[in-house]
Number of protein chains: 2
Amino acid sequence: MATLKDVAALAGVSVKTVSNVVNGYAFVRPENRRRVEEALLTTGYRPNLGARNLRRGRTGFLALVLPELVVPYFAELAGLVLQAAQAHEWNVLIEQTRGTREGERATLASLGTHLIDGAIVSPEALEARDFGELAPGIPVVVLGEHSVDLPLDRVGIDNVRAAEEAVRHLVSLGRTRIAAIGAHPYRGTAAQRLRGYRSALAAAGLPLRDELVATALNYHRRDGAAAMAELLALPEPPDAVFCFNDLLAVGVLRTAAERGLRVPEDVAVVGFDNNEEGGYNRPSLTTVAPDKAAIAHTAVDLLRRRVETADRPPERVQTPFRLEVRESTGPASGG
Amino acid sequence: MATLKDVAALAGVSVKTVSNVVNGYAFVRPENRRRVEEALLTTGYRPNLGARNLRRGRTGFLALVLPELVVPYFAELAGLVLQAAQAHEWNVLIEQTRGTREGERATLASLGTHLIDGAIVSPEALEARDFGELAPGIPVVVLGEHSVDLPLDRVGIDNVRAAEEAVRHLVSLGRTRIAAIGAHPYRGTAAQRLRGYRSALAAAGLPLRDELVATALNYHRRDGAAAMAELLALPEPPDAVFCFNDLLAVGVLRTAAERGLRVPEDVAVVGFDNNEEGGYNRPSLTTVAPDKAAIAHTAVDLLRRRVETADRPPERVQTPFRLEVRESTGPASGG
DNA sequence: ATGAAAGCGCTAACAT
DNA sequence: ATGTTAGCGCTTTCAT
C-alpha cells in the first residue's frame, strides 16, 4: 500500500507538498499539484487514518455503548447514531454490554485506551462512580435517565410525563384496574416510568394496587408474556396494561391472545419505544413514541461539543415524544 | 494522559521494560516489575492502541458492512458478529449502506483507508468489479449468495435448498396456489430462493404461475403488506405464501388479517430468517431459520485466516438451517 | 510555495 | 534482563 513518501518520490516533490494536496491546501503550484495528483492516481494512495489520527491527537472514532442490538429500540437507535455520526466524520464502534453491570464496567474500562474520541452510553446498571473510575476524562454522553445524578451530558425524553400520558390515556378509556409491567430494582428509566404511572393513577383518583405492578428483570418479549400470565392469575385481573417497552407489550399481547382475551375490549395495552414491529402487530400497538432521530442527533452533537471544549457545564437535553394511539387501545379492534 | 515514557521516567527504567511489563513479557526482574506496576497504577496508564497498531501494522478493527440495522435480521447478526469478534480481540465498526449500490460502493471505498484489518460485507447491489476497484487487497468475507461469482471467502446457507424445503412444506399441507414474495432484479439471495421455489413446485407437479410471483424492491413489512394486497386482488388468490424474509411475512399476515382471512386455514404463510418477533406474532410465523451464530462465527474466523494468510484460495462455507414450523402453517391456528 | 525534520506513542531490532 | 534507537505514516513547525 502506497504511502505519502512513495507518492512524493514518484511525483518528485516533498512529502509536505503531497500532504498539502491531499488535505486540500490552497497554495500549491499548479504544476506540482498536477504531478502529485497523477502520482496519487497511479499509486492508488489512500491515507492511513490511524497515522493521521495519532499525529492529530484524535481518533475519528466514537463508541456507542448499549445493552444489546437484538432489542429493536437499540438497533433503531444505533442506525440513527451511525447516520448522525457520519455527518461529523466519526466512525462508530458499537459495544454490547448485555445490560449487566459487569459488562458495562468492562466496556467502560476498555474505552480508556485512546482509540475513541468519546462515547455515547446507554447504561442500565452502571453507578455514578463507575464513570469516574473506569473512564476518567473521557467525553461521555449518557442516554436516558439514570438513577444516580451524574455530572455528564445527557439526552432523553421526560419519562415521567410520558408515562403519565400513557396511563392517562388508559384512564380516559374508562379503565380502572391498570397494571404496569417493567418495574426494576435499579434502572433509572424504569423508576421514572413507574413514578409517572403512579402519579397518573393518583391524579385520576384510582387506587395504587401493588399486585398490579409487575417487576421485569429483562425487557424481552418472553418477560412480558410471563408477567402477563401472572397478572391474569390474579383474582381480579387488570383491564389495562402499561408496559415499559414494546417488547414486553408484544409478549403481553401474545399471552392475552392465548387466553382468549380480546384487546382492547377485555384488556387495553400500551407499550413504550414505538418499535416498527408494533405497527404491524395484531392488534397494532399503542405506544409512547420517542423521537429517536432527535435523540441520536442530539447525542452526537453534544459529544462533539464536549470533545471540543471539555470544561463546559454538563447539559441535559430533553427530546420530544408523543403518544401513538393504535388498535391495542383504540376503537377499531384487531382482537 | 500518561505515555509509556512517563511511566518509564517515574519507575526509573527504560520504555522497553515498561513495554515488556505491559505486554506480559516473561523476563523482567521482579524488582523492576514491581516498580513499573506501581508507576502504571499511579499514572493510570492506558496504552494508546492507535500507536500500537500503527507500529504493528494491524488496526484491531473489522468493518461490518450491512444494509441497515433496523432490519432485525441484520441487527441480530450484528450482535453475534460483535460477540464473535471480541473473541479475536477485534473491535467492530458497523457501516450501513441502505442497500443501495451507491451506498455500498461508498462504504467499500472508505475501507481502503487502513483503519481496518478486514471487512465482513453483506452486499445487495454490489457487482463483482466493485470489490476489486474499491477495496483492492482488503481482506473481505462476503455474507450470503451473490449474483456474481467472486473470488472471495463467503459464508451463507444453501438458499436453494432452504427455499425448496419451505415450499415443500406448503405443498405437504395440500396447498396448490403457492405464491412467492421477494423476487428482486439483482439480489443474489432472492434469485436463489426463487430458484428453490420454482424447483419445489416443479417437483410437486404444480404449475408455475407468473402472477403468483411478487417482486419486492425492499424487504420491509410495508412491502410485504403491499405485495399481499396485490395477490389478494387476483381472480384466484393464493392459498399459501412463501416470503423471502420474515419482515415481508409480517406484512402479509397483517394484510391477511385486515381482509378477514384466516391463517393458516385460508392462506398459509412461511417466512425466512427466523427473527425473534416471528415467534410472538399471531399466528406465530413458520420460517426458515438459518444458524446465525454459525454465520457470524464462521465469517469472523474466515476473516482471521484471510488476514493471516492472504494467498489462500477463497473458501465457501455453508452453514446449517432448519425449517421452524409454527402456527402460520401449523395445525394450531392463531387466526 | 515547498523542503527538512521533529515527533505523535508505541514496538522491535539490536546492543549490552 | 534491559537500555537505545529506528521507524510505523502522518502532520506540523521551522526554514528557505
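Here is the naming used below: chain letters follow the sequence lines, and residue numbers restart at 1 for every chain.
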### Message
Quick check on D:dG3: is either OP1 or OP2 less than 4.0 Å from any side-chain nitrogen or oxygen of B:T17?
### Response
yes
### Of all pairs that satisfy salt bridge (charged side-chain N to carboxylate O under 4.0 Å, His left out), the ones with a partner from residues 97-108 of chain A, not counting sequence neighbours
A:E68-A:R98, A:R101-A:E127, A:R101-A:D130, A:R105-A:D130, A:R105-A:E133
### Task
Using whole Å, report how far CG of A:N53 lies from P of D:dC8.
18 Å
#### Entry: Integer-rounded Å distance: D:dC8 C1' and B:L54 CG
4 Å
### Query
Does the B:S19 side chain pair with the main chain of B:V15, one donor and one acceptor, at a distance under 3.5 Å?
no
### Task
Go through residues 30-41 of chain B and report each residue with a non-hydrogen atom lying under 4.0 Å from DNA chain C, sorted by number.
none
Give me the distances for all protein-to-nucleotides 10-14 of chain C N/O pairs that come in under 3.5 Å?
unit_1, atom_1, unit_2, atom_2, d
C:dC10, OP1, B:Y45, OH, 2.5
C:dC10, OP1, B:N48, N, 3.0
C:dC10, OP2, B:L4, N, 2.5
C:dT11, OP1, B:R52, NE, 2.5
C:dT11, OP1, B:R52, NH2, 3.2
C:dT11, OP2, B:S19, OG, 3.2
C:dT11, O2, B:R55, NH1, 2.9

### Task
For the helix from C:dA1-D:dT16 to C:dT16-D:dA1, figure out the bend between the end axes, five pairs an end, and round to 10 degrees.
40°
### Query
Does any pair with a residue in residues 32-88 of chain A pass ring pair (Phe, Tyr, Trp, His ring centres under 6.0 Å), and if so which ones, sequence neighbours excluded?
A:F61-B:F61
#### Entry: Passing option when A:W90 is tested against A:T59, A:I116, A:V307 for side chain to side chain contact (heavy atoms under 4.5 Å, CB included)
A:V307
### Query
Only one of A:L69, A:N91, A:L93 clears side chain to side chain contact (heavy atoms under 4.5 Å, CB included) with B:I94; which?
A:L69
### Query
Is it the case that more than 12 heavy atoms not belonging to B:Q83 sit under 6.0 Å from its CD atom?
yes
### Query
Does any N or O in the side chain of A:R154 come within less than 3.5 Å of the main-chain N or O of A:P314, such that one atom is a donor and the other an acceptor?
no
### Message
Could you check whether any side-chain N or O of A:R316 sits under 3.5 Å from a backbone N or O of A:G156, counting only pairs where one atom can act as donor and the other as acceptor?
### Response
no
### Message
Using modelled atom types and a 3.5 Å cut-off, is there a donor and acceptor pairing between side-chain atoms of B:D301 and backbone atoms of B:H297?
### Response
no
## Note on the structure
Residue pairs meeting salt bridge (charged side-chain N to carboxylate O under 4.0 Å, His left out), one or both in residues 8-31 of chain B, sequence neighbours left out, come to B:E31-B:R34
